[in-house]
Amino acid sequence: MTALRKNSSEALYVQLVEALIQLIADQYAPGDKILSEREICETYGVSRTTVRQALTELLNMGYIYKRHGLGTFVADRQSHRENLAESYSFTEGMKKIGKEPSTQILDFALEPANYLLGRQLGLLPDEKVYRIDRLRLADGDPMMVERSYLPARVFPGLTADLLEKKPLYEVFRQNYGQEISVANEEITAALMTKLEAEVLGTSPHNPCLKIERLSYNLADEIIEFTISTARADQFSYHLSFQGQ
């Protein structure tokens, strides 16, 4: 165990972060539950405030994640993190890394598009949209919660039952002859709301990735607007550039 230097000019919580990173590397595997706040206090002789500062830093760095009522666990920072830049299909993305994807429909409604949503989707006044709330899981673990809006005129007769049976993009292709030509995504860092944390089985204010996606068909029409909240301990984003 790394001893903390209380007379050092380096802040105690910074030293504790370094000590816990070393402890995780030496003694824990991804998914393992780590010491509780009380145990860390006793082990390193520091206050609860110092421990919470250090754990918040580790959370933001992606070393740990929290599950409400269960404790703090070691995150997999490498092999099991899906690269959001590789594919806009959650189902295909999970299969690529050897996980079994599944989806739960949380809510499904046909409703008039409000003014802002209508502008976003390029709809006429009073056009209707399907609003679909979905929980995306991998090997049974909640990974992402999504809200999608689809123009009703493009997908007449769409039902929640159909979406329970097939991935959304398979429904696009097989049932409505809609192919996505371009999907534009905007990704930002954020903190989870209480509701998002409850759905994803983690703690409020954990870091997350907010993803907004606009998908266009071959006729250059917007056929999907999706807002997603992804667990930051399970997703990463990589870009590669080549010089000319």
Side-chain angles (χ1 to χ4, degrees), residues 76 79-111 113 117 120-123 127-187 192 195-196 198-202 208-238:
D76 188 341
S79 60
H80 290 163
R81 293 176 70 171
E82 163 68 347
N83 178 11
L84 291 170
E86 288 180 355
S87 174
Y88 54 75
S89 169
F90 176 86
T91 300
E92 294 306 315
M94 288 299 103
K95 288 179 178 178
K96 283 183 181 178
I97 58 173
K99 292 194 174 188
E100 182 62 32
S102 60
T103 299
Q104 294 179 9
I105 306 296
L106 304 177
D107 196 16
F108 181 93
L110 177 62
E111 59 191 25
L117 184 59
Q120 183 75 277
L121 290 170
L123 301 177
E127 273 202 74
K128 291 187 176 182
V129 295
Y130 292 105
R131 175 177 51 80
I132 308 161
D133 293 340
R134 297 179 295 167
L135 176 63
R136 318 304 297 273
L137 306 98
D139 291 344
D141 293 325
M143 302 281 283
M144 176 189 294
V145 62
E146 295 186 329
R147 170 164 288 184
S148 297
Y149 295 97
L150 312 178
R153 60 177 166 77
V154 180
F155 304 101
L158 184 66
T159 64
D161 182 61
L162 180 58
L163 294 174
E164 291 277 10
K165 297 175 180 176
K166 290 184 181 181
L168 182 63
Y169 296 127
E170 282 190 19
V171 171
F172 282 6
R173 291 191 303 269
Q174 297 176 7
N175 295 79
Y176 293 95
Q178 294 289 334
E179 293 283 348
I180 292 178
S181 61
V182 176
N184 294 328
E185 289 189 340
E186 180 177 319
I187 301 175
M192 286 189 193
L195 180 58
E196 290 167 342
E198 287 177 357
V199 173
L200 291 170
T202 183
C208 64
L209 296 175
K210 294 284 188 179
I211 308 139
E212 289 192 5
R213 179 171 63 248
L214 281 173
S215 299
Y216 296 77
N217 64 11
L218 297 176
D220 204 29
E221 298 173 315
I222 298 173
I223 60 171
E224 176 205 11
F225 174 49
T226 293
I227 305 167
S228 305
T229 300
R231 285 171 46 181
D233 60 300
Q234 296 292 341
F235 287 85
S236 62
Y237 187 77
H238 304 291

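- Contact check for Lys166 versus Asn175: side-chain heavy atoms found under the 4.5 Å cut-off.
- With hydrogens and angles disregarded, no donor-acceptor distance shorter than 3.5 Å links the side chain of Arg213 to the backbone of Ala183.
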* Run the side-chain contact (heavy atoms from CB on, under 4.5 Å) check on Gln120 and Ile222 step by step: do they pass? -> CA-CA 9 Å; Gln120 183 75 277; Ile222 298 173; 5.9 Å; no
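- Between Leu106 and Val145 there is a side-chain heavy-atom pair separated by less than 4.5 Å.
- Side-chain contact check for Leu123 versus Pro151: some heavy-atom pair is nearer than 4.5 Å.
- Residues Asn217 and Gln178 approach most closely at ND2-OE1, 3.0 Å, considering heavy atoms.
- A distance of 5.0 Å separates CD1 in Ile223 from CD1 in Ile180, rounded to the nearest 0.5 Å.
- Residues forming a ring-ring contact (aromatic ring centres under 6.0 Å, His included) with Tyr176 (at least two apart in sequence, or on another chain): Phe155.
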* Test log, rule side-chain contact (heavy atoms from CB on, under 4.5 Å), inputs Ile211 and Met144 -> CA-CA 10 Å; Ile211 308 139; Met144 176 189 294; 4.2 Å; yes
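- The OH atom of Tyr149 sits 9.5 Å away from the CG atom of Leu121 when rounded to the nearest 0.5 Å.
- Interatomic distance, Ser102 OG to Leu137 CG, rounded to the nearest 0.5 Å: 4.0 Å.
- Between Glu224 and Thr226, the side chains place a donor N or O and an acceptor N or O closer than 3.5 Å (distance only, hydrogens not considered).
- Evaluation of the salt bridge (charged side-chain N to carboxylate O under 4.0 Å, His left out) test over residues 148-158, restricted to residues two or more places apart or in two chains, returns Glu127-Arg153.
- Using a 4.5 Å heavy-atom cutoff, the side chains of Glu146 and Thr103 are not in contact.
- The shortest distance between side-chain heavy atoms of Leu200 and Leu135 falls below 4.5 Å.
- Lys210 and Thr229 are linked by a side-chain donor-acceptor pair at a separation below 3.5 angstrom, with hydrogens and angles left out of the test.
- Between Ser215 and Phe172 the shortest side-chain heavy-atom distance does not fall below 4.5 Å.
- The distance from atom CG of Leu163 to atom CZ of Phe108, rounded to the nearest 0.5 Å, is 6.0 Å.
- Here the side chains of Leu150 and Leu168 are in contact, with some heavy-atom distance below 4.5 Å.
- In this structure, Pro142 and Arg231 approach most closely via the heavy-atom pair O-NH1, 2.7 Å.
- Inter-residue side-chain proximity for Glu196 and Val199 is flagged as unmet; no heavy-atom pair is nearer than 4.5 Å.
- Under the salt bridge (Lys or Arg N to Asp or Glu O under 4.0 Å) criterion, Asp139 pairs with no residue, sequence neighbours left out.
- Nearest approach of Leu158 to Tyr130, heavy atoms of both residues: N-OH, 3.3 Å.
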